[in-house]
Amino acid sequence: AASAPKTLPSSGPKSLREMPHPLATSSSEEMGPALTPSPDLLLPRSIADKDLSLPNGTPVDTSSPASSSSLLNRLQLDDDLDVETRDLFVTVDDPKKHVCTMETYITYRVTTKTTRAEFDLPEYSVRRRYQDFDWLRNKLEESQPTHLIPPLPEKFVVKGVVDRFSEEFVETRRKALDKFLKRITDHPVLSFNEHFNVFLTAKDLNAYKKQGMALLSKMGESVKYVTGGYKLRSRPLEFAAIGDYLDTFSLKLGTIDRIAQRIIKEQLEYLVELREYGPVYSTWGGLEVELSEPLEGVSACIGNCCTALEELSEDMTEDFLPVLREYILYAESMKNVLKKRDQVQAEYEAKLEAVALKKEDRPKVPTDVEKCQDRVECFNADLKADMERWQNNKRQDFRQLLMGMADKNIQYYEKVCIT
Amino acid sequence: MEDCLAKKMEITVSEAEKRTGRNAMNIQETYTAYLIETRAVESQSEGQCAPVDSLWRRYSEFELLRNYLSVTYPHIVVPPLPEKRADFVWHKLSADNMDPDFVERRRIGLENFLLRVASHPVLCQDKIFYSFLTQEGGWKEMVNETGFQLKADSRLKALNATFRVKNPDKRFTELKHYSDELQSVISHLLRVRARVADRLYGVYKVHGNYGRVFSEWSAIEKEMGDGLQSAGHHMDVYAASIDDILEEEEHYADQLKEYLFYAEALRAVCRKHELMQYDLEMAAQDLTSKKQQCEELATGTVRTFSLKGMTSKLFGQETPEQREAKIKVLEEQIQEGEEQLKSKNLEGRDFVKSAWADIERFKEQKNHDLKEALISYAVMQISMCKKGIQVWTNAKECFSKM
């Protein structure tokens, strides 16, 4: 089963017609030994290794909402990727500033280690700047329109006061870019994308970029985002629910973001007062004889509290807030994918009508569209499950972080006040 | 301390009540009355409780008592009363004298005042104080009969007057300086503490918003819902906990305030000494000049310029009889002056001795009390942090179950 992923049909340049629909019942016989049974196609690589309740060879019918959610349930398995099955590792580090005549910018080192056949070498190390990541993301969206592409950190710094070249900003960005690539790496389809490959390996990315502009992926063509014209008859309940969920979700995250920012602000104001408070005890200590030691002690404690509090606020700003924002971006992406899905369904329905009117036998076009819709459904389900798991652990992670920081704060108090 | 009243008698200010009545100008007013309860302490072997005596007093009567004590015992650092009006408030705390929290804290402060006086080796023996505790009616009249009011007025004037002492006692100068600095540093501390409390309150309360949002969010989540909901509950608990924490801190602030006002009392003693010293120097100066005058008249030499001397030179000398008379008067005055000076010196020395004894007592009390206050403050902080750890640990657990 571990070898199967390599022969997965990538949703790259092949046209939809040529590719067997992953869920079509007939195709399971056609697939033969080269492909594993259909369920695997929907799962992140690691799960392919695990025992599934689905008997091998039985395709999963996910064209109906009911089965989508049951699939969703079946996907609630361990998300810890089995390290042995992973054959692609990507890291982003080592930010460097480049000063040119026209501009100043930062590049990051992108290191790749892999055993995949798609890569000529086992190791790569290239330098990329934010522009390049942005390009990659656009290319992925273009070529994999039914997939949810992970979000990038914000392009423009809204606050205006933030220094683009400050250590904190660069580090926050680096972490986000690293996460971005890792998410793609872990994705069973996206990680095989041609553009991703080039991004990781090419010495001169700009040359490739120019070349790529002229070509249009056939896949992208056939499932192009149709703007307007088609009205959706009925959105399957499931997707309507997802849409509603995402709306509320973004809203709540936005609120949490504001609350967190407010807390940080209040904490900083508290810090200001604390900074004045401590030294007064010191001054008093200077007046006294017997009491000077305990007074100095209190002053020192307060000083330590200040430091701990500062750290807490910093950590919140650097680790907690960016993750919140990332998920808000994710939700936005998902909504876009949903919209696309709607459009595809609309197109399908319209074409269906046209067929009915024309009374022509044109099974292929609607089928194409239907296939596409199915894809969207499947991948959406997959990605949603993915997101849930990520969310779960992410939340746990950074809450633990927040708590750990609160703990540290508190331990400082304890340690020093006791003396 | 064996004679100390506090050992013989249990004193509490147990209740506070709002009253309305007519004041001296027959105008209706609202004030708070405090119930003072006293009970003689029986020896353990008897095992029986003596009956409780009680009477009601209002703040102005406490003030009267303290004024009386300050005037009658100028060498004693008289315990201060709790503040008349709410000072050093932060936004949540009310500045209203009728506010129940303020009244409650004042009740405790008044009880503390009585206990301090009762445990003072000198003050506890005062009859007026005893009557304050035990005699309901006619106490005010009794106090006024002592005539302390006259002394009080002159004392007040003197305390605020400016004058220069030629030979100040270094110890008292240093002490006065210390009390000034202490007042300044404690009031600064209290001001900043109030601001700190305000900000901390803000931080905690905003966390309460998390509770609401988590609750709303949990409604749309499946697996994460329960975890979020319970975590949100903990955030609410966290936000609510600040109220108790800050209330406890107010006690600490009150302890500091007591010593802020004590510093004032200390300063008053130093001032009194200065006054006496000045008085002494003036008396000595007066005596010296009189002696000189006498000498001049006796010997006929004019050593110091005086208008009288000049005029008598210009317009004719006095008769020997007149001079004799003058000398006699002066000699009498000098005699008086010397006696007065002697007694003033004695007074001064006594004052210094007893004042210094009380100051030492006060210093020890202060060091002891403030050390305890600081320790309990630290304990408070630790407990606050432990609570914080508890809440966040609970929240963490909820999150881990998501």
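Lettering follows sequence order; numbering is per chain, from 1.
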Note: vs chain B, highest number of non-hydrogen pairs under 4.5 angstrom among I264(A), T255(A), L291(A) is L291(A)
Of the listed V280(A), D244(A), V289(A), V298(A), the one with the largest count of heavy-atom pairs under 4.5 Å with chain B is V280(A)
Distance check, rounded to the nearest 0.5 Å: [X] atom [atom1] versus [Y] atom [atom2]?
X	Y	atom1	atom2	value
W284(A)	L189(B)	CH2	CG	6.5 Å
L274(A)	L200(B)	CG	CG	8.0 Å
I220(B)	F249(A)	CD1	CZ	7.5 Å
R262(A)	K205(B)	CZ	NZ	12.5 Å
F214(B)	I259(A)	CZ	CD1	7.5 Å
E273(A)	D198(B)	CD	CG	8.5 Å

_Check this for me: R275(A), atom CZ, are more than 12 non-hydrogen atoms of other residues, nucleotides or ligands nearer than 6.0 Å?_
yes
State, yes or no, whether a side-chain contact exists between [X] and [Y] at a heavy-atom distance under 4.5 Å.
X	Y	value
Q267(A)	R199(B)	no
L182(B)	E288(A)	yes
W217(B)	L253(A)	yes

- request: Let me see the working for Y281(A) and V185(B) under side-chain contact (heavy atoms from CB on, under 4.5 Å), right down to the final yes or no.
  value: CA-CA 8 Å; Y281(A) 279 99; V185(B) 92; over 6 Å; no
Answer key: most heavy-atom pairs under 4.5 Å with chain A among K371(B), R191(B), H207(B) is H207(B)
Over 60° means perpendicular and under 30° means parallel, so tell me whether Y277(A) and Y377(B) are parallel, tilted or perpendicular.
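Rings of Y277(A) and Y377(B): perpendicular, as their planes differ by over 60°.
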When the 4.5 angstrom heavy-atom criterion is applied to L190(B) and chain A, the contacting part is neither
Donor + acceptor pair across side chains of Y204(B), E266(A) (<3.5 Å):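 The answer is no; no qualifying pair exists.
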Residues of residues 353-366 of chain B near chain A, each having a heavy atom less than 4.5 Å away:
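Expected list: K366(B).
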Answer yes when E276(A) and R195(B) have at least one side-chain N-carboxylate O distance shorter than 4.0 Å, and no when they do not.
yes
